[in-house]
Amino acid sequence: MIRRVNGSGGFAAILKKGADEAGAVHIVVRSRDNLLTFYRPAMQTSYDDTSTGQRFFEFDPSIGNDMDLSNFIDKEQRFDPDFWVVELETSANSADLPFEIMKP
């Protein structure tokens, strides 16, 4: 994902590195005008028999700025130190993001 975003003119970086062999991945999408959108891994119950094995993410409206993100990372670190946070800076809209978003 990081290579794909960087190769297409966007910017991607790891904000918080988790365990090499495991860990939940959370994604921050920052628009060119610095608006932040946060996606967390979809719950396992979101997957069904038609799922392709690809990871799904769901939008989390409770994290909408840098302070919220910092608080989330601090809190999650105490609960699950293996998690990852990847930040993408792109002009893509949600239909063009390099991951699948679960629809409610």
*Asks:* Among residues at least two apart in sequence or on other chains, which ones pass salt bridge (Lys or Arg N to Asp or Glu O under 4.0 Å) with D20?
*Replies:* K17

*Asks:* At what distance, to the nearest 0.5 angstrom, does CD of E87 lie from CZ of F38?
*Replies:* 11.0 Å

*Asks:* Within the side chain of W84, is there an N or O that forms a donor-acceptor pair under 3.5 Å with the backbone of I27?
*Replies:* no

*Asks:* Only one of F83, F57, F59 clears ring pair (Phe, Tyr, Trp, His ring centres under 6.0 Å) with H26; which?
*Replies:* F83

*Asks:* So which atom in L88 and which in A12 form the shortest heavy-atom distance, rounded to 0.1 Å?
*Replies:* CD2-CB, 3.5 Å

*Asks:* Using side chain to side chain contact (heavy atoms under 4.5 Å, CB included) as the criterion, list what pairs up with A19, not counting sequence neighbours.
*Replies:* E21, D82

*Asks:* With side chain to side chain contact (heavy atoms under 4.5 Å, CB included) as the test, would you mind laying out the steps for V5 and F11 before giving the verdict?
*Replies:* CA-CA 6 Å; V5 169; F11 174 76; 5.7 Å; no

*Asks:* Going by heavy atoms in the side chains, are Y39 and V29 under 4.5 Å from each other?
*Replies:* yes

*Asks:* Donor-acceptor pairs under 3.5 angstrom involving side-chain atoms of residues 61-74: please list them, not counting sequence neighbours.
*Replies:*
unit_1 : atom_1 : unit_2 : atom_2 : d
S62    : OG     : D60    : OD1    : 2.6
S62    : OG     : D60    : OD2    : 3.4
N65    : OD1    : M67    : N      : 3.0
N65    : OD1    : D68    : N      : 2.8
N65    : ND2    : D68    : OD2    : 3.4
D66    : OD1    : R30    : NH1    : 3.3
D66    : OD1    : R30    : NH2    : 2.7
D68    : OD2    : G64    : N      : 3.1
N71    : ND2    : M67    : O      : 3.4

*Asks:* Hey, mind stepping through V28 and L36 against side chain to side chain contact (heavy atoms under 4.5 Å, CB included) and telling me if it holds?
*Replies:* CA-CA 7 Å; V28 175; L36 185 145; 3.7 Å; yes

*Asks:* Measure the CD-CZ distance between E76 and R40 for me, rounded to the nearest 0.5 Å.
*Replies:* 7.0 Å

